[in-house]
There are 2 protein chains.
Amino acid sequence: MKRRLTLADIADTAGVSVMTVSRVINDKPGVSDEVRQTILALVESMGYRPNQIARSLVTEQTTSVGLIVPDNTNPFFAQIARGVEDAAYALQYSVFLVNTVENPQREFDALDSLWQKDVDGLIWCSARVSHEVLEAQISRFPAVVLLNRELTEPPCNTITINVNDRHGARQAVAHFLAQGRRRIAYLNGPEHSVSAHRRLEGYRDAITEAGVPFDEGLVDCCLPDTDSGYDAALALLDRCPNVDAILAFNDLVAIGAMQACQALGRSVPQNVAVIGFDDIPLATIIKPQLTTLHVDLRHIGESAMRALLDKMEEAACPSAILIEPELVLRDSA
Amino acid sequence: MKRRLTLADIADTAGVSVMTVSRVINDKPGVSDEVRQTILALVESMGYRPNQIARSLVTEQTTSVGLIVPDNTNPFFAQIARGVEDAAYALQYSVFLVNTVENPQREFDALDSLWQKDVDGLIWCSARVSHEVLEAQISRFPAVVLLNRELTEPPCNTITINVNDRHGARQAVAHFLAQGRRRIAYLNGPEHSVSAHRRLEGYRDAITEAGVPFDEGLVDCCLPDTDSGYDAALALLDRCPNVDAILAFNDLVAIGAMQACQALGRSVPQNVAVIGFDDIPLATIIKPQLTTLHVDLRHIGESAMRALLDKMEEAACPSAILIEPELVLRDSA
DNA sequence: TTATATTACGTTAGCGCTAACTTGTCTATA
DNA sequence: TATAGACAAGTTAGCGCTAACGTAATATAA
């Protein structure tokens, strides 16, 4: 690796001062067209690229953002990450990806490290920390987009993006009820997940409003993956054999639940109807195809990145975005 | 956001020079235990964290690496990314994630941007660029791990990690042959993929060595996703209705192929046996469960990151790692 | 005792860049 | 001709940190 070219190298060969080159590089006024062309040609032929580190030190901008997700192999977050990265590329930003793997220590370390790296903004998905920690951390960053987390008093530098989980869960339950199903179970997600709480609320409200008594035994928690969904559904069907519908926290849990039904000889949707959440690509790949609440995850990722940039440019008022999920009827319900 | 604390702030309140604080922060000798403890306590209570940007400018190290993948939503790369990030976390490094989406311009821009960000190393998956461009780019970085790409004269700063694609494809074909199948098709991946070429070689060699004539009509290319696999398989089965086995470039293509078989009324594995490649989580989720060549992707990601760090620390000799895939028999073949 | 090493600091300079100010030149206007 | 204004540069300083060197005080050796 040869020594990196600096502004001074270009300036020397062009016979001008570093500032003149800097002005050209940053497309700023105060340089004649003639000199500008000369320098531009030199930059091209010598292959000069500004050192972002040095630039960052003085401008206090790094053109990079942090993206915190629980697990990038979860298709839900993979799609969001893809959307964020696509938008970041278009906006000339770089993305630090960090997994928390549902581990508080690692989430904390992630925040610390991103802060030390001086990111211009942070997209924080499914923060599991307490309210106080959340606010304290947010205040350390210039701008933050919070996904799947509400804030009673959102700071100026923050945007929240939430899926209308309550409404989504209600739609699913309404669909079950319309089919005449009454023993409707809910396999919920992680205990500290905000989405999980909201979906549970929607489920309970829809059930009770329809005059069906809420039965704690029909609700259980599990991790948001296929295996956990499988285990939880197995236990559920053992405990309450007359269940005729399962709403799942997300598509992965729904798929696990369908597999459990099949393993127990219950056919889907005849004996047990299943509805998932998110509409990940897998939903149309498995058989029976999964009825689910569609959310355009890639779009959410892109919006998150673009909204973050807006906040970075002018930390105006706080703002909240609510995404409406849409029930997509397929084969499982 | 309040002003960031600097070394000088700590030094002032401690009544020492910045260098003394710097020595303590970096755990270097030349400070008495007493002063060291005082400063450590101050750092703790004031919540000081060094500014990585400033540190990077002088040390020319950023403790961050770049990870280039075609598409992070592809489970193959998602698993690898997860492995890389896990190892990076353990090693106190941060990871820039960049997608190329099979777009040469974007791949080029990604490299440029990572270079400007001064990453300490680069993990480059499935590089699609020409040999010359590859070598030129590698020479710009302190250390590079190349995944799925071979190098005739690997530079000192490079490690290549490859899956033994030829052997994998041979195993699959051998399994088909042992079952008495003779009309064995191969749905290959992207044209510029090195893995695709190697798997094709393994397929052809195994076929011809068994005395079965190689038939070009039984080979086709497609993008490495389910939809493309579906379309390609549909066309294939239309062209050559007597196909009795399909080897797919990867699991996603294999799943698309299975769906195409089902759509055409061909049962898997009775009429057509299917074998995939990679063993992504999906392989055990779909029905029939996919027989495939298992590769421990997460482990590859972790190894890549650790190997990269080794290279960064001492750019000794070049090295190459070869991963042996293992045929996992399930239901599809 | 004097010469030499060792320890525990402090001082200076500079990484590559940009913000803010200064200087010089040319032109337009009274 | 004098004078202000516009433009095209150059000069200076500093972002926060660390490498390299300097220095004073103490410890060790001859």
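Chain letters run A, B, ... following the sequence lines, proteins first, then strands; residues in each count from 1.
- Of all nucleotides listed (dG16(D), dG16(C), dT11(D)), dG16(C) comes nearest to the side chain of Thr6(A).
- Here Val58(A) lies in heavy-atom contact (under 4.0 Å) with a base.
- dC15(D) atom P lies 15 Å from atom CG of Leu5(B), rounded to whole Å.
- Comparing dT18(C), dG16(C), dA19(D) by their nearest atom to the side chain of Arg55(A) picks out dT18(C).
- An angle of 50°, rounded to 10°, separates the two end axes of the helix from dT1(C)-dA30(D) to dA30(C)-dT1(D), each defined over five pairs.
- One interatomic measurement links the two molecules: CD1 of Ile53(A) to P of dG14(D), which rounds to 23 Å at whole-angstrom precision.
- Both Glu60(A) and Gly15(A) sit near DNA chain D, but only Gly15(A) has its closest nucleotide nearer the 5' end.
- Remark: C1' of dC17(C) and NZ of Lys28(A) are 11 Å apart, rounded to the nearest angstrom.
- Here the options are Ile300(A), Ile321(A), Leu322(A), Leu146(A), the test is side-chain contact (heavy atoms from CB on, under 4.5 Å), and the partner is Asn162(A); only Leu322(A) passes.
- Across dT11(D), dT11(C), dG10(D), the shortest atom-to-atom separation from the side chain of Met19(A) is found for dT11(D).
- Side-chain contact check for Asp9(B) and Tyr48(B): no donor-acceptor pair (N or O, by modelled atom type) lies under 3.5 Å.
- When the side-chain nitrogen and oxygen atoms of Ser22(A) are compared with OP1 and OP2 of dC17(C), none of them lie within a distance under 4.0 Å.
- Of the candidates dG16(C), dT18(D), dG16(D), dG16(C) carries the atom nearest the Ala54(A) side chain, counting heavy atoms from C-beta on.
- Of the side-chain N and O atoms in Tyr48(A), none sit less than 4.0 angstrom from OP1 or OP2 of dG16(C).
- Under the 3.5 Å distance criterion, with hydrogens and angles disregarded, no donor-acceptor pair is assigned to the side chains of Gln37(B) and Asp33(B).
- Atom CG of residue Asn74(B) and atom CD1 of residue Ile80(B) lie 9.0 Å apart, to the nearest 0.5 angstrom.
- Salt bridge present: Asp86(B) and Arg106(A) bring a charged side-chain N and a carboxylate O closer than 4.0 Å.
- Within the model, atoms CH2 of Trp115(B) and CZ of Arg4(A) stand 4.0 Å from one another, a figure rounded to the nearest 0.5 Å.
- The side chain of Thr59(B) lies closest to dT18(D), out of dA9(D), dT18(D), dT18(C).
- Contacts of Thr20(A) with the nucleic acid, taken as non-hydrogen atoms under 4.0 Å apart, involve only primed sugar atoms and P, OP1 or OP2.
- The CG-P distance, from Asp33(A) to dA9(D), rounds to 10 Å in whole Å.
- When distances run from any side-chain atom of Leu7(B) to the nucleotides dT18(C), dG16(C), dT18(D), the shortest one goes to dT18(D).
- No side-chain donor from either of Gln79(B) and Arg82(B) sits under 3.5 Å from a side-chain acceptor of the other.
- The CD1-P distance, from Ile39(A) to dA8(D), rounds to 13 Å in whole Å.
- Using a 4.0 Å heavy-atom distance criterion, Ser32(A) is classed as a sugar-phosphate-only contact.
- Note that CD of Gln61(A) is 11.5 Å distant from CD1 of Ile53(B), once rounded to the nearest 0.5 Å.
- Phosphate contact (OP1/OP2 of dC15(D), side-chain N/O of Asn51(B), threshold under 4.0 Å): absent.
- Comparing Pro50(A) and Arg23(B) by the nucleotide of DNA chain C that holds the closest heavy atom to each, the one mapping nearer the 5' end is Arg23(B).
- Between Leu57(B) atom CG and dA19(D) atom P the separation is 13 Å, expressed in whole Å.
- Atom CD in Glu34(B) sits about 15 Å away from atom C1' in dT7(C), given to the nearest Å.
- Rounded to an integer number of Å, the gap from CG of Asp9(A) to P of dG16(C) is 9 Å.
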